[in-house]
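Encoded as C-alpha cells, the structure appears first; notes follow it.
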Amino acid sequence: MVRTPLTPSERRRGERFGALLREARGERSMVEVAAAAGLSAETLRKIETGRAPTPAFFTVAALAGALEISLDTLASACAAEEADDVQEAVPA
C-alpha cells in the first residue's frame, strides 16, 4: 500500500500535536509516559517531534489516557490551531 504524501497543513498539525503532548507530559520522562501508553519511547519521540505526524487512533487514545487528557481536548486544540492556519492562508 502506498501512502499519499502529507500536505503541509497535515505536517503542521502533526507538529502541533507533538508539542501538545510534550507540554502535557510535563516533567514526566518520555520512557514513563510511553510505557504507560503501551508504546515504545521511540514511537513517542517520533510523534512528539512531528516525524510521525499521523499516529493511529488507538495510539492517540492510549497517549490521551496515559496523560489524562480527553480526546475531545486533543481534537479541539488541533482543530482550533488548524482554523488559524486556514485564516492565515486566506488573503485579506
Apply side-chain hydrogen bond (donor to acceptor under 3.5 Å, both in side chains) to T49 and list each qualifying residue two or more places apart in sequence or on a separate chain.
-> none
Results of side-chain hydrogen bond (donor to acceptor under 3.5 Å, both in side chains) for T4 - residues two or more places apart only = none
Determine, for R25 against E48, whether the closest basic-nitrogen to carboxylate-oxygen distance falls under 4.0 angstrom.
-> yes
Here the gap from R16 atom CZ to L21 atom CG, rounded to the nearest 0.5 Å, amounts to 13.0 Å
Excluding sequence neighbours, so at least two apart, what forms side-chain hydrogen bond (donor to acceptor under 3.5 Å, both in side chains) with S70?
-> T73
Distance, nearest 0.5 Å, that separates CE of M30 from OG1 of T43 = 11.0 Å
Would you please name every residue forming a salt bridge (charged side-chain N to carboxylate O under 4.0 Å, His left out) with R51, sequence neighbours left out?
-> E42
Heavy atoms of C78 and R13 approach each other most closely as CB-CG, 4.3 Å
What side-chain donor-acceptor pairs closer than 3.5 Å can you find for residues 53-64, not counting sequence neighbours?
unit_1 : atom_1 : unit_2 : atom_2 : d
T54    : OG1    : R3     : NH2    : 2.9

Of all residues at least two apart in sequence or in a different chain, which pass the side-chain contact (heavy atoms from CB on, under 4.5 Å) check with L20?
-> L74, A77
hydrophobic_cluster_shared for L71 and I69, side chain cutoff 4.5 Å = yes
Going by heavy atoms in the side chains, are R12 and T7 under 4.5 Å from each other?
-> no
